[in-house]
Amino acid sequence: MWNILLEQKEITIIAGVLLVVSLGMRMIIGMALTHLIKETDNMAVTNSRFLRQCRMKYENIYEMNNGVPNVGAFVEHCTRRLTLGKVRLESLYHISGQAMLLCVATLGVGVCKAILEGRTIGQILPYYLVCLLALYAFFSISALLNLTEKKKELKNCLVDYLENHLSFRMETVEELRADKSYAIPQRPEETSQVTQEELEALLAEFLAN
C-alpha cells in the first residue's frame, strides 16, 4: 500500500522536507524563547545580545526623559524586533506555518496525480494518512511548545525587571548624583562677604595706581 510514496518519491521528498522545516522552526523558536526567559534572571550579566540592547535602550530613554512612562509598550516594541540571526522570530513563526500548508498542498498534488493515473482509493490512501500524521505532529508540537504563552512570559519577565529592578536602581543613581552636586553648599551671607571683600581690594588697587 505504501509503494505509491516510493513511486512518486519527488513529491514525498518535498513534502518531507517542508514538514521538517516547519517543525524544526517551531522547535528552534521555542528553545530561543526558553533561553531568553532564563536569561532574564541575570539581566545585569546576560550574554544575550537582545537583552543587553533592550536594557541599554531602556537606560538611555530613562535618562533622556527622566523615566519611561509606559514600560509595557516599550517591551512590546522590543519583542517585536526580536531576531534569530538576521530573521525576526515572528517571520520564522509565519514561515513555519506556511511550510506546513505547502506540505499539505504537496501531498494534495500527489493525490491528484495518482487519481489522474487511474489509481484506486486504496492505493492513494497513504497520502491521506501521511497528511493526517503531519498535521497531528504539527499541532501536537505547537501545543507542547506553547509559543504564545512563552512570548507572554518573556514580556512579563522583562517588564518586571525594568520596572522593579532597573528603574529603582536608576532612581537611586539619580538621587546620588543630585546629592553630589549640592555636596558643598554656600551660605548667601558668605558669598556676599567674599564678593564685597574682592571689590574693595580691586578698588584699592585701582586707586593706588
Side-chain angles (χ1 to χ4, degrees), residues 17-104 134-135 137-186:
V17 170
L18 290 170
L19 178 62
V20 171
V21 169
S22 178
L23 300 180
M25 284 185 176
R26 289 287 164 113
M27 288 188 286
I28 289 172
I29 294 171
M31 289 187 291
L33 291 175
T34 301
H35 174 71
L36 289 175
I37 291 169
K38 291 180 179 178
E39 284 292 310
T40 54
D41 293 333
N42 303 302
M43 284 284 287
V45 293
T46 180
N47 294 323
S48 170
R49 180 182 177 185
F50 164 73
L51 294 179
R52 288 200 309 268
Q53 289 177 344
C54 183
R55 186 186 67 223
M56 292 172 61
K57 187 175 182 180
Y58 183 87
E59 290 174 348
N60 292 335
I61 295 176
Y62 191 99
E63 290 179 356
M64 290 175 60
N65 301 327
N66 196 23
V68 179
N70 194 335
V71 180
F74 172 82
V75 171
E76 181 70 26
H77 177 73
C78 286
T79 51
R80 284 184 179 178
R81 296 177 176 272
L82 180 58
T83 60
L84 192 63
K86 295 184 178 180
V87 185
R88 289 187 180 183
L89 245 62
E90 288 187 0
S91 298
L92 287 177
Y93 183 84
H94 292 305
I95 291 172
S96 173
Q98 293 298 318
M100 189 65 229
L101 290 176
L102 288 174
C103 175
V104 174
L135 290 172
F138 177 79
F139 289 115
S140 296
I141 291 177
S142 297
L144 183 64
L145 294 173
N146 204 358
L147 299 180
T148 303
E149 287 300 320
K150 276 187 170 61
K151 288 178 67 176
K152 289 181 180 179
E153 186 178 355
L154 176 61
K155 292 177 184 178
N156 291 335
C157 290
L158 285 173
V159 170
D160 175 64
Y161 172 77
L162 296 176
E163 281 189 340
N164 301 325
H165 298 277
L166 187 58
S167 294
F168 177 77
R169 183 167 62 84
M170 295 191 72
E171 285 177 8
T172 305
V173 170
E174 291 297 327
E175 290 175 359
L176 291 174
R177 287 177 180 174
D179 290 342
K180 287 181 180 180
S181 62
Y182 297 102
I184 310 176
Q186 274 190 329

S.K.: Answer yes or no: is there a side-chain heavy-atom contact under 4.5 Å between Glu59 and Arg169?
M.R.: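 Yes; the side chains approach each other to less than 4.5 Å.
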S.K.: Tell me if a side-chain donor or acceptor on Thr34 pairs with a main-chain N or O of Gly30 at a distance below 3.5 Å.
M.R.: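 Yes: the side chain of Thr34 pairs with the backbone of Gly30.
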S.K.: Would you check if Leu92 and Leu84 make a side-chain contact, meaning some heavy-atom pair closer than 4.5 Å?
M.R.: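 Yes. Closest side-chain heavy atoms under 4.5 Å.
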S.K.: Should the pair Tyr58 and Tyr62 be assigned to parallel (<30°), tilted (30 to 60°) or perpendicular (>60°) ring geometry?
M.R.: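 If you compare the ring of Tyr58 with that of Tyr62, the planes turn out tilted.
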S.K.: Side chains of Val68 and Ser167: closer than 4.5 Å at any heavy-atom pair?
M.R.: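 The answer is no; the side chains never approach within 4.5 Å.
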S.K.: Is the side chain of Arg55 donor-acceptor paired with the backbone N or O of Met43 at a distance under 3.5 Å, no angle test?
M.R.: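 Looks like yes, one N/O pair under 3.5 Å.
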S.K.: Which pairs with one or both residues in residues 69-85 pass salt bridge (charged side-chain N to carboxylate O under 4.0 Å, His left out), sequence neighbours excluded?
M.R.: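 Pairs touching residues 69-85 that pass the test: Glu76-Arg80, Glu76-Lys155.
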S.K.: For residues Leu154 and Leu82, determine if any side-chain heavy atom of one lies less than 4.5 Å from a side-chain heavy atom of the other.
M.R.: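 Yes, their side chains come closer than 4.5 Å.
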S.K.: Is Leu33 close to Ile29 at the side-chain level, that is, under 4.5 Å between some pair of heavy atoms?
M.R.: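 In contact.
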S.K.: I need the minimum non-hydrogen distance between Gly72 and Val159, along with the two atoms involved.
M.R.: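 For Gly72 versus Val159, the nearest heavy atoms are CA-CG2, 4.2 Å.
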S.K.: Nearest 0.5 angstrom please: Ser91 OG to Met25 CE, how far?
M.R.: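 If I round to the nearest 0.5 Å, the distance is 10.0 Å.
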S.K.: Can you find a pair of side-chain heavy atoms, one from Arg26 and one from Leu147, that are under 4.5 Å apart?
M.R.: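 Heavy-atom side-chain distance check passes, below 4.5 Å.
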S.K.: Just verifying a value: how many Å separate Leu18 CG and Gln98 CD, rounded to the nearest 0.5 Å?
M.R.: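 Reported to 0.5 Å precision, the distance equals 11.0 Å.
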S.K.: Flag the pair Met100 / Leu19 as yes when at least one side-chain heavy-atom distance between them is below 4.5 Å, and no otherwise.
M.R.: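 Met100 reaches Leu19 side chain to side chain.
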S.K.: In Å, rounded to the nearest 0.5 Å, how long is the span from OG1 of Thr79 to CZ of Phe74?
M.R.: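 The CZ atom of Phe74 is 10.0 Å from OG1 of Thr79, to the nearest 0.5 Å.
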S.K.: Tell me whether Phe50 at atom CZ has more than 12 heavy atoms from other residues, nucleotides or ligands lying less than 6.0 Å away.
M.R.: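 Yes, CZ of Phe50 has more than 12 neighbouring heavy atoms, counting only those of other groups under 6.0 Å.
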S.K.: Mind checking the CZ-CD spacing from Arg52 to Glu39? Nearest 0.5 Å is all I need.
M.R.: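 Separation between the atoms: 10.0 Å.
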S.K.: Can you check whether Ser22's main-chain N or O pairs, donor with acceptor, with Ser96's side chain at less than 3.5 Å?
M.R.: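 Side chain of Ser96 to backbone of Ser22: a pair is present.
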S.K.: Locate the shortest heavy-atom distance separating Val21 from Ala99; write the atom from each residue and the value.
M.R.: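 Reported closest heavy-atom pair: CG1-CB, 4.3 Å.
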S.K.: Indicate yes or no for a side-chain donor-acceptor contact from Asp160 to the backbone of Asn156 under 3.5 Å, with no hydrogens or angles considered.
M.R.: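 Answer holds: no.
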S.K.: Among Thr40, Val75, Leu166, exactly one meets side-chain contact (heavy atoms from CB on, under 4.5 Å) together with Tyr161. Which residue is that?
M.R.: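 For Tyr161, the side-chain contact (heavy atoms from CB on, under 4.5 Å) check succeeds only for Leu166.
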S.K.: For Ile37 and Glu153, work out which heavy atoms get closest and say how close.
M.R.: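 Minimum heavy-atom separation between Ile37 and Glu153: CG2-OE2, 3.6 Å.
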S.K.: Please name the pair of heavy atoms, one in Leu51 and one in Leu36, separated by the smallest distance, quoted to 0.1 Å.
M.R.: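 Looks like CD1-O, 3.9 Å.
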S.K.: Once rounded to the nearest 0.5 Å, what's the spacing between atom CG of Leu89 and atom CD1 of Ile28?
M.R.: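 Rounded to the nearest 0.5 Å, the CG-CD1 separation comes out at 10.0 Å.
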